[in-house]
Amino acid sequence: MIDARLLTTEPDATAAALARRGVDAAALADLRDLDDRRRQLIAEVDQARAQQGGASKAIGQAAPEDRGAMIQAAQELKDVVARREAELAEVLDEHARRFAAVPNLPHPDAPDGVEGDGVVLRTIGPDKPVLDFPPRDHVALLEDADALDLARAGKVSGARFAYLKGEGALLEFALVRYAIDVAMRHGHTPVIPPVLVREEAMYGTGFLPTDEQQIFATRDDDLYLVGTSEVPLAALHMDEVLDPAALPLRYAGYSPCFRREAGAHGKDTRGILRVHQFEKVELFSFVAPEDSDAEHERILGIEEEIFAGLEIHAQVVDIPVGDLGASAARKFDLEAWLPGQDAYREVTSCSNTTDYQARRLKARMRVADGDNVLVHTLNGTALAVQRAIIALVEQHQRADGTVVVPEALVPHLGREVLFAS
RNA sequence: GGAGGGUUGGCAGAGCGGACGAAUGCACCGGUCUUGAAAACCGGCGGGCGCUUCGCGCGUCCCGAGGGUUCGAAUCCCUCACCCUCCGCCA
């Protein structure tokens, strides 16, 4: 949620910033009026309550024989309060609903454009691999090695599910431990979070109500399966006032992620690029507002280190404003080259959500003199297991179907070549 | 799953229809004292929202959450969440 106050204090700058994301000025003017109305009603309710409270208090202090008439008068004041409160409740409801739909203010440095207009900042890792044989995609490589079973997963769970087996399973453990080690070296505390969360956590992180169709819900328990550990990590400090000395708070969560992928029918149907359940190591930081740009670069740096360390060729993309999620002010993706697809595909994504997510979560920071302020939150993929596996096996494959294990992963995997037997 | 007990300020803990945002202790911050420190003493010490001559300030709401009763609720009633104890089950 954006700061409603901005519509009054900085109407032009706010409108200009949001215009880049396609929010029109007239809609913002309506929102500003709604916010004005809210504040006015709050003042009226407060005043009515002050009157009624004073009257009640006087009754307690009055002699018993004087109370009858006073009680009657107070009863009428009570009705006034109730009417004003009902009006306010209605306005608050509309306010919450309509403001929830306003996306975050884009970062001034985020490029213009829509999906596909991303700016490639640089490439990382080795040069784009040139294979002197027809490359096979991850499905062929993994299934031939009995490291992946999609057919039986279809039988058991349906489309977009997978069994990782044998060296496929070992690859996950090794990649996760490798990524966690890098994250820890950069000060992120490893966390295994709950993956079933309450509605408040989904709402606070902005996945509800916006992405409702993407979320798996349980039938009997009012709990939701998280689509990323960003949710439980962000919600960790929900409703807290943090000690500035304790900031930044940095986490690396490892968890399965569940996504319904509604609306993605027919898209990326082959293999494990887009599945309903995958595992991911996610970086998450709570920082003081003035530190969030630097933290964003830092998180991006960790992602680059992880992929470069796996000797995976990838490009860093500055995502245009038209392709940002509602809560992001700026976003960088890492896109790894996939020989099996002859294309760069997203393997990580890191976002600076500034105070947008913190406002809903009520994650604040104590300020020595003055009012407490909202912290900034940032999230980024350290390593999405399935997509990392795809990039790794496709880029490091050899003509005989074996895969060379990058040096950094050897200690974690316990072998230098995969799929050799 | 069954039975019982709880949830009050950073922590401990009183209050159980009217003067209670809430005693007291500890912790913390400032001051006095001291060569310095400790002790002692004095003072301060939550959050949200709104107003504000932005200067201290003023108003309102918050005693797990939501709803109800009442002129008036931390206190009474209902629903929910969480915690603890015992039994059952279980990795």
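Reminder, nothing fancy here: chain letters follow the sequence lines and each chain counts from 1.
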Could you write out each protein N or O paired with an N or O of nucleotides 60-66 of chain B at a distance under 3.5 Å?
{"unit_1": "U60(B)", "atom_1": "O2'", "unit_2": "Asp46(A)", "atom_2": "OD1", "d": "3.0"}
{"unit_1": "U60(B)", "atom_1": "O2'", "unit_2": "Arg49(A)", "atom_2": "NE", "d": "3.4"}

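Rounded to a whole angstrom, the distance from the P atom of U7(B) to that of A74(B) is 16 Å. Using C1' as the reference atom, G13(B) and C87(B) are 32 Å apart when rounded to the nearest Å. C58(B) and A22(B) have their P atoms separated by 14 Å, given to the nearest Å. Comparing G5(B) with C76(B), their P atoms are spaced 14 Å from each other, to the whole Å. Only the P atoms considered, U75(B) is 23 Å distant from G4(B), to the nearest whole Å. The P atoms of A38(B) and C56(B) are separated by 31 Å, rounded to the nearest whole Å. Only the P atoms considered, C41(B) is 10 Å distant from G25(B), to the nearest whole Å. Spacing of C1' atoms, G6(B) relative to C61(B), comes out at 26 Å, to the nearest Å.
Between Asp323(A) and Lys331(A) there is no salt bridge, since none of the side-chain N atoms of the basic residue sits less than 4.0 Å from a carboxylate O of the acidic one. A salt bridge is defined here as a Lys NZ or Arg NE, NH1 or NH2 lying under 4.0 Å from an Asp or Glu carboxylate O, and Arg97(A) with Glu94(A) fails to meet this definition. Salt bridge absent: Arg259(A) and Glu261(A) never bring a charged side-chain N and a carboxylate O closer than 4.0 Å. A salt bridge between Asp144(A) and Arg136(A) is present, with a side-chain N of the basic residue lying under 4.0 Å from a carboxylate O of the acidic one. Ion pairing of Arg345(A) with Glu335(A) is absent here, as no side-chain N (NZ or NE/NH1/NH2) approaches a carboxylate O to less than 4.0 Å. Using a cutoff of 4.0 Å between basic side-chain nitrogens and carboxylate oxygens, Glu10(A) and Arg5(A) are not scored as salt-bridged.
When rounded to the nearest whole Å, the span between CG of Asp36(A) and P of C51(B) equals 9 Å. Look at CE on Met365(A): it is 18 Å from C1' on G48(B), rounded to the nearest Å. Between the CG atom of Leu374(A) and the C1' atom of G48(B) there is a distance of 12 Å, rounded to whole Å. Rounded to an integer number of Å, the gap from CG of Asp3(A) to P of G48(B) is 14 Å. Per the geometry, CD belonging to Glu200(A) stands 11 Å off C1' belonging to C80(B), to the nearest Å. Taking atom CE of residue Met70(A) and atom C1' of nucleotide G18(B), one finds them 12 Å apart after rounding to whole Å. For the pair Arg84(A) CZ and G59(B) C1', the computed distance is 17 Å after rounding to whole Å. Between Arg5(A) atom CZ and C49(B) atom P there is a gap of 9 Å when expressed in whole angstrom units.
For the OP1/OP2 pair of G48(B) and a distance below 4.0 Å, the side-chain nitrogens and oxygens of Lys362(A) include no atom meeting the criterion. Applying the 4.0 Å criterion to OP1 and OP2 of G72(B), one finds that Gln52(A) has a side-chain N or O inside that range. Taking 4.0 angstrom as the limit, Arg39(A) places a side-chain polar atom (N or O) nearer than this to OP1 or OP2 of C51(B). Between Lys57(A) and the phosphate of G18(B), there is no side-chain N or O to OP1/OP2 separation shorter than 4.0 Å. Side-chain nitrogen and oxygen atoms of Arg366(A) include at least one within less than 4.0 Å of the OP1 or OP2 phosphate oxygen of G47(B). A sub-4.0 Å separation between OP1 or OP2 of G48(B) and a side-chain N or O of Arg364(A) is present.
Residue Ile59(A) places its side chain closer to C71(B) than to any other of C49(B), G48(B), C71(B).
Using Watson-Crick or G-U wobble geometry with both donor-acceptor distances under 3.5 Å, C26(B) finds its partner in G10(B). When both pairing distances are held under 3.5 Å, G50(B) makes a Watson-Crick or G-U pair with C58(B). The pairing partner recorded for G17(B) is none, the criterion being a Watson-Crick or G-U wobble arrangement whose two distances lie under 3.5 angstrom. Pairing for U32(B) is with A40(B), a Watson-Crick or G-U wobble pair whose two hydrogen-bonding atom distances lie under 3.5 Å. With a 3.5 Å ceiling on both atom-pair distances, the Watson-Crick or G-U wobble partner of G1(B) is C87(B). G66(B) is paired with C78(B) under the criterion used here, namely a Watson-Crick or G-U wobble arrangement in which both key atom distances are under 3.5 Å.
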**Request:** Determine, step by step, whether Thr381(A) and Ser349(A) satisfy the side chain to side chain donor-acceptor pair (under 3.5 Å) criterion, reporting the C-alpha distance in whole Å, the side-chain angles of both residues, the deciding distance to 0.1 Å, and the verdict.
**Result:** CA-CA 6 Å; Thr381(A) 320; Ser349(A) 177; 5.5 Å; no
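Annotation: cation-pi pair Arg360(A)/Tyr203(A) present, NZ/CZ under 6.0 Å from the ring centroid and within 45° of its normal.
Both Asp35(A) and Ile71(A) sit near RNA chain B, but only Asp35(A) has its closest nucleotide nearer the 5' end. Comparing Asn372(A) and Arg38(A), the nucleotide of RNA chain B nearest to each residue sits closer to the 5' end for Asn372(A).
Counting heavy-atom neighbours within 6.0 Å of Gln213(A) CD, excluding the residue itself, gives a total above 12.
Residue Gln40(A) is classed as having no contact, given no heavy-atom separation below 4.0 Å to the nucleic acid.
Considering Arg37(A), Arg38(A), Arg32(A) as possible partners of Asp35(A), the one that fulfils the salt bridge (Lys or Arg N to Asp or Glu O under 4.0 Å) test is Arg38(A).
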